[in-house]
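Only a predicted model underlies this, so the values are computations on that prediction, with no experimental measurement involved. Start at 1 and go down the list; that is how both ligands and their atoms are numbered. Values below: all heavy atoms of this structure, side chains included; hydrogens, waters and symmetry mates excluded.
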Amino acid sequence: MKKNITIAYGDGIGPEIMKATLRLFEAAGAQLEMDEIEIGEKAYLSGHTSGIRPEDWETIAKNEVLFKAPITTPQGGGYKSLNVSIRKTLGLYSNVRPVKALHPYVETHHPKLDTVIIRENEEDLYAGIEHRQTQEVYQCLKLITSPGSEKIIRYAFEFAKNSGRKKVTCMIKDNIMKLTDGVFHEIFDEVAKEYPEIETDHYIIDIGMARFANQPEIFDVIVLPNLYGDILSDIAAEIMGSVGLAGSANIGEKCSMFEAIHGSAPDISGKGIANPTGLIRGGLLMLTHLGQGEVAEKIENAWLKTIEDGIHTGDIYKEGQSKKKVGTEEFVDAIIANLGQKPEHFAAVTVPKESKPVQIKLKGRPREKKVLEGVDVFICEDDRNANSLGEKLQAISKEGVLEIIMITNRGVKVWPDGNPLTFCTDHWRCRFQPKNGGSVSAKDVVNLQSAIVENGLEVIKTENLYTFDAKAGYSLGQGQ
Ligand code: NAD
């Protein structure tokens, strides 16, 4: 039975590789009914700043599956990333990127690389909430939620279980970001207990990425928050041999989007030389998702055989190793000619014949008792004298419920007992807590803020200090 999908030919090399990919899928017997939408450069330049016309969302939502070639984001300000919009609008929380070496046919330092990277797709610094707060200080909010973390972590474990993978690794930086990356790590440990058959480990992101770049074969499935996942998945594609080789799936509860990981490659556009493999592999994930695993298996085995035959596009062609340098269409002709054959060097691929979409049921976490125990007031002050600011705030808070207990600058404690060597900007985080301990009311916080403003200081923003079941929901100042 034919499956309805939405397709977008994209920009640059997009139309070339999409045309070739669809020709291959048809030759292999894929059952697809396609609605085409025009996204990317044309939509941007006709005034749709998000790169998509409003009516095209309906088509995508109706068909539930979008197969998308890369698009070009025009230079200059005012254009929003279409990829980020698609992921967030459709709730595509999981980005799945398999990377596997094609040694010895495609040059790589890591012949045993075979990893699936699962990147959280909606949260983290990609919330796009940025503010310039003072002359000197710019801020980007990093938002990590417990349901968002639980969803992607459960997805990674379910994915590992369904695909026979043995290990799931979590990469975070909770030695520094104890709350945001901390909750991701905590939930990873909680969910891991439900999958005793799957081995788990975790790395601090810097050493994790370094280890991956040097010894990727020790990793199986890796789950990460958005930004780390973005970086690691590009490293992975690069060490595999070419950015032209990897595809990815963006999975949501209802809709999904499948694509190549690379961009529109304007430098080779129109020349007919682009490698269509990334889009083909994105498409194979889509065919499997649509329950057409038999077709996906046939194409993947024929594609592996073509790679073994030494028929290579320019990006992976190597004198002495490859046999024939071909363009996009000729490469696809060779795969079509190999349909029905199996690779000889590589293990033949078997793809589940039935689609088994990952179903996530969130367990959530018990509700905790939240108590307001103070406030951080962020003040803009050009005078770089922490002591005089501290004394001023002591005088202001003398009468109220809250008293100043600490000032930090870029997170480092500068009052009381600051170090004169600490470099200070015009941005001060001033922490107030109740004189006699215990809780405070929202009104106490507002009264304090009014008193500060009435005394001629500029308040940029405030952050309430809560405890949750008596555990601090805020970090200490460095040096506090
Ligand atoms: P790019 O991925 O388009 O190109 C990087 C390099 O890789 C270029 O040298 C290119 O020729 C080569 N390359 C990429 N795909 C190839 C393929 N299939 N075969 C052979 N060689 C290939 O990255 P870029 O140049 O930074 O970005 C170009 C445009 O693409 C920008 O407008 C960017 O915003 C956009 N982009 C879109 C997506 C997407 O739609 N998913 C992703 C990344 C970048």
>> Could you check whether Y203 and F212 have their ring centres less than 6.0 Å apart?
In response: no
>> Would you say the ring centers of H289 and F258 fall short of 6.0 Å from each other?
In response: yes
Could you see which bit of [X] sits under 4.0 Å from ligand 1, with heavy atoms only: side chain, backbone, both or neither?
| X | value |
| --- | --- |
| P266 | side chain |
| D267 | side chain |
| I268 | side chain |

> Does S264 have a heavy atom less than 4.0 Å from any atom of ligand 1?
Replying inline: yes
>> Using a 4.0 Å cut-off to any heavy atom of T73, which atoms of ligand 1 qualify?
In response: 32 (O), 34 (O)
> What atoms in ligand 1 come closer than 4.0 Å to a heavy atom of K68?
Replying inline: 39 (C), 40 (O), 41 (N)
> Is the closest protein non-hydrogen atom to atom 35 (C) of ligand 1 under 4.0 Å?
Replying inline: yes
> Would atom 17 (C) of ligand 1 count as contacted, meaning some protein heavy atom under 4.0 Å?
Replying inline: yes
> So which protein heavy atom does atom 5 (C) of ligand 1 come closest to, and at what separation?
Replying inline: V243 CG2, 4.7 Å
> What residue and atom, counting heavy atoms only, is the protein's closest point to atom 41 (N) of ligand 1, and at what distance?
Replying inline: N83 ND2, 2.9 Å
